[in-house]
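Order of the sequence lines fixes the chain letters, A, B, ..., with proteins taken first and strands second; residue numbering starts at 1 for each chain.
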Amino acid sequence: MYPFLDVFEMPVSFFGPRTLLAHDDGSAARAALEGGVALDFETVYEAHFDFVYRVVARLVANPNDVEDLTQEVFMVVSRRLGEFRGDARITTWLFRIAYRVVGAHIRRSRIRRALAAWLGIEGASAHAEAIASGPDRFEEARKVRNALASLSYEKRSALVLFEVEGWSAAEIADMLEIPVGTVYTRVHHARRAFRQAYDESKAVRS
Amino acid sequence: MTIERDPVLGKALERALPRTSPPYGAKSRVRRALERRTRGPEKSWRWIAVACFTVALSAVVLEKTLGPRTPVADHGSVLSLDGVRVVLRSKADVTVDSDGPSGTVLRLASGTVFLKVRKGHPTAVVAGKVRVDVIGTLFGVARAATEAVDVSVVEGVVRVKDDRGERTLRAGDRLPPNGDALYPTPPEFAALEQPAPTGSSSPVPPTPTGIGGDAVRSDGTAAFSPPARVASEGTSTADLAPKKSRNDSGAAQGAAPRGDFGDYLRARELERHEDIEEALDAYARIVKKGGADAEDALFAIIRLAAQRRQPNEALTRAAEYRSRYGGGRYARDVDVMVLNAHLTLGDGAAAAKDSDQFLSKFPSDPRAWRFHLARAERALEAHDCAAVKAELETVPDGELKRKLSAACN
């Protein structure tokens, strides 16, 4: 509504988590479960809100969607917390929920955009127009975002977790429940597709 | 099979992706939204039934006791009541419940109103669950269709009551929708104090400013000029009056080309419609061109960089602002932006330096609590709980304050 309202927000603390994995501390959850105590939503929310927010921010391209999707993730968590048995770390479980929620959101957005383009409500070339609009300091970031948005969700998340978060292929494979070889393939193809989309955007610009 | 990381690609992706730190207040906003969504359906239906009954009853009671309400929905118009001048903005939908010696109550269904209230005239604005009681002041209330209410005070004091409790806002304070903390009033609110420029096409002549100025001209018509700096739907920016300097720093810039003003308004409109990239383009063009609006535009760029969690950009632009305008109109706000940028970067030493400098120069500034909060966090790192407690004394209640206090208990 008013994009300038939150400008004076305070940032995270000095000693906040720096990476997703650094935040991963499932010991409390495991101890609670081992002691026969059911995890309550409030504890999970308090302990892992920042983690979930960060995961969502990494997986989704549009900053305006991050808060809404974090909310969606915790809606799922509130419904399914009773199913968590402590077989995996709580953060792994949360990550998988966030991954599915964001994936569903991205698929829905793509369908909506395709439908809008088909109906002529929104120009099919909006992507190219966004790239072609005037030169500015954020042009580079915009090109990167557009190129990233052109990748499939699976490739894109593998690329981001590998290149930005610095996870190993084994860690990604564990989180996404896929073979390690698949991670390498996804990262490899994602890089190639990203470079191609990025070069195309440069060609459109010139 | 192995793949090496590509650091250049990684950096480029990181710069383009959204910031990963939750903004201040995000946790409580999401919690409130979850609470609303997880309410049981039976309870919701019961509430709807009660609400329908209450609304019907209220309507009857109001009709009987107050007579017909005065609908005032003419966007952009000025309303003069007993000791109160009201400017309606942004498709304001307002009704006056009572207007007499016992006080004036305005009900804001949507849009924005600006009020100037003479002392001794009890006035209240009710916007949904929020009630703003006025003592003698100039302030604005905006209510969106989403029920979010935004209150800003330019002069005087108001008391805001909502379901989160009651709090007092003073000059320069802003209570944003769902906000737990107070924020500075945006500069354009202060523009309400500007008389219409000589030679303007406005039919309303310039008015005296300050609290207690005449609300009504001798002919009984409203004497409150619509704010020259506030853009609104349905208003052609070309028709609006040129910007007047808002204070001393702008005095020498009064002869700025009029085209700048339209450009600035257009940029603001782009920003309001969340077309941020285009807005940034527009602001950058204004800064490059120079003129009276360049300072506002440069500040807007810093503000957007902070909002988009781009601390390095914010710092670069803040340095540019300081070198160009020194102690300009936004100098202290820029100090806050610089502090936030340093905190976002995790540069505690720079943030501590910012805090020491600001607090030594402006210890009683309304923004000072942000610097105290930063120092409290620094003190916590040094396990100095006495210092944490001392720093938090002037900090309004909020999530970070609670966290820091709890960490020391």
statement: Between Glu163(A) and Asp6(B), the two heavy atoms sitting closest are OE1-N, 2.9 Å

query: Residues two or more places apart in sequence or in another chain: which of them pass ring pair (Phe, Tyr, Trp, His ring centres under 6.0 Å) with Phe371(B)?
result: Phe358(B)

- request: Answer whether the closest heavy-atom distance between the side chains of Glu46(A) and Lys27(B) falls below 4.5 Å.
  value: yes

query: Any side-chain heavy-atom pair from Val30(B) and Tyr53(A) closer than 4.5 angstrom?
result: no

message: Quick one, Glu14(B) and Arg58(A) - any side-chain contact, counting heavy atoms below 4.5 Å?
response: yes

Less than 3.5 Å apart, which donor and acceptor atoms pair up between the side chains of residues 98-108 of chain A and the rest of the protein, not counting sequence neighbours?
| residue | atom | partner | partner atom | Å |
| --- | --- | --- | --- | --- |
| Tyr99(A) | OH | Ser157(A) | OG | 3.3 |
| His105(A) | NE2 | Asp65(A) | OD2 | 3.2 |

field: Which atoms of Arg31(B) approach chain A - backbone, side chain, both or neither, heavy atom under 4.5 Å
entry: both

task: Below 4.5 Å from any heavy atom of chain B, which atoms of Arg195(A) appear? Answer side chain, backbone, both or neither.
output: side chain

- request: Could you tell me the separation between the CH2 atom of Trp167(A) and the CZ atom of Arg5(B), rounded to the nearest 0.5 Å?
  value: 11.5 Å

query: When rounded to the nearest 0.5 angstrom, what distance separates CZ in Arg145(A) from CG in Leu13(B)?
result: 11.5 Å

